[in-house]
Amino acid sequence: DAGITQSPRHKVTETGTPVTLRCHQTENHRYMYWYRQDPGHGLRLIHYSYGVKDTDKGEVSDGYSVSRSKTEDFLLTLESATSSQTSVYFCAISESTGVRGYPPLHFGNGTRLTVT
Amino acid sequence: AQSVTQPDIHITVSEGASLELRCNYSYGATPYLFWYVQSPGQGLQLLLKYFSGDTLVQGIKGFEAEFKRSQSSFNLRKPSVHWSDAAEYFCAVGSNSNSGYALNFGKGTSLLVTP
């Protein structure tokens, strides 16, 4: 299994509070991603990173920010949590150069976030 | 943007029976296609992938998938299902947009295996 650790695994927070989720990888992969998973929606891309300090928005980025100060860490921050951000958040990583075709994503075990 | 559709939200099969999970893609050129499996409380695990070449690809856990361009499909199959195959299955396609190597996922098919 790819070395991806997400923390915390579970979190309950109140509306309006800031929340930071962490993803740590030991694979030295260039690309890192944050997805959210919701019933009936599958997985949707929030933000991704293509290197240290290089990030960009995904499909559902409103209300979220990210940072990547080291290759191994990718942080997802909810500046002011809302109930609509109750979800399961997955971090994923992928290789880039030297891979034939399209590199697969490798996923962490997720963080279940409940906003009350 | 490239997308995939999984027409079946839930599927129930008996243990030992064959399985086919459907996936249709929307993309003009040859897409990069993947199948993932998710067990409860776990992350997604790659079952198999298709880029080009042989249209029948073998994956882990005895799964295979067949790429059919004429039907825009990439269906997942297994000849004999085991109780441990009960899980959520996701089809995904390479986004081919400015998002690194992100994948666009279908909404998933939940597989229930009965004794």
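Values below: all heavy atoms of this structure, side chains included; hydrogens, waters and symmetry mates excluded. Just so we're on the same page: letters track the sequence lines, and every chain starts at 1.
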Do A:Val12 and A:Tyr89 belong to the same hydrophobic cluster, where Ile, Leu, Val, Met, Phe, Trp and Tyr are linked whenever their side-chain heavy atoms lie under 4.5 Å apart, directly or via other members?
no

For residues B:Leu56 and B:Ile60: do they belong to one hydrophobic cluster (side chain heavy atoms under 4.5 Å, members Ile, Leu, Val, Met, Phe, Trp, Tyr)?
no

One should read off an interatomic distance between A:Asn109 CG and B:Gln38 CD, to the nearest 0.5 angstrom, of 9.5 Å

Can you confirm whether B:Lys49 is buried at NZ, in the sense that more than 12 heavy atoms of other residues, nucleotides or ligands lie under 6.0 Å from that atom?
no

For A:Gln37, is it the side chain, the backbone, both or neither that has a heavy atom under 4.5 Å from a heavy atom of chain B?
side chain

Top of A:His41, A:Arg9, A:His47 for chain B proximity - count of heavy-atom pairs under 4.5 angstrom
A:His41

Side chain, backbone, both or neither: which part of A:Leu43 has a non-hydrogen atom closer than 4.5 Å to chain B?
both

Hey, are the side chains of B:Leu103 and A:Tyr33 touching, using non-hydrogen atoms and a 4.5 Å cut-off?
no

Contact class of B:Leu46 relative to chain A, heavy atoms under 4.5 angstrom:
side chain

State plainly whether one hydrophobic cluster holds both B:Trp35 and B:Val13, where clusters connect Ile, Leu, Val, Met, Phe, Trp and Tyr through side-chain heavy atoms under 4.5 angstrom apart.
yes

B:Gln6 versus chain A, the contacting section by heavy-atom distance below 4.5 Å
neither

same_hphob_cluster(B:Val57, B:Leu19) at 4.5 Å side-chain heavy-atom cutoff
yes

Same apolar cluster (I L V M F W Y, side chains within < 4.5 Å links), A:Tyr48/A:Val88
yes

Taking side chain as C-beta onward, heavy atoms only, is A:Leu105 less than 4.5 Å from B:Tyr36?
yes

Summary of disulfide (SG to SG under 2.5 Å) pairs that have at least one residue in residues 22-51 of chain A, sequence neighbours excluded:
A:Cys23-A:Cys91

Region of A:Arg44 in contact with chain B, defined by heavy-atom distances below 4.5 Å
neither

Ring centroid separation for A:Tyr102 and B:Tyr101, is it under 6.0 angstrom?
yes

Below 3.5 Å, can you tabulate the donor-acceptor pairs from side chains in residues 13-20 of chain A to any protein atom, sequence neighbours excluded?
| from | atom 1 | to | atom 2 | distance (Å) |
| --- | --- | --- | --- | --- |
| A:Thr13 | OG1 | A:Thr17 | OG1 | 2.5 |
| A:Thr15 | OG1 | A:Thr116 | O | 2.7 |
| A:Thr17 | OG1 | A:Glu14 | O | 2.7 |
| A:Thr20 | OG1 | A:Thr77 | OG1 | 3.1 |

Would you mind checking which part of A:Phe90 comes under 4.5 Å of any heavy atom in chain B, side chain (CB onward), backbone (N, CA, C, O), both or neither?
side chain

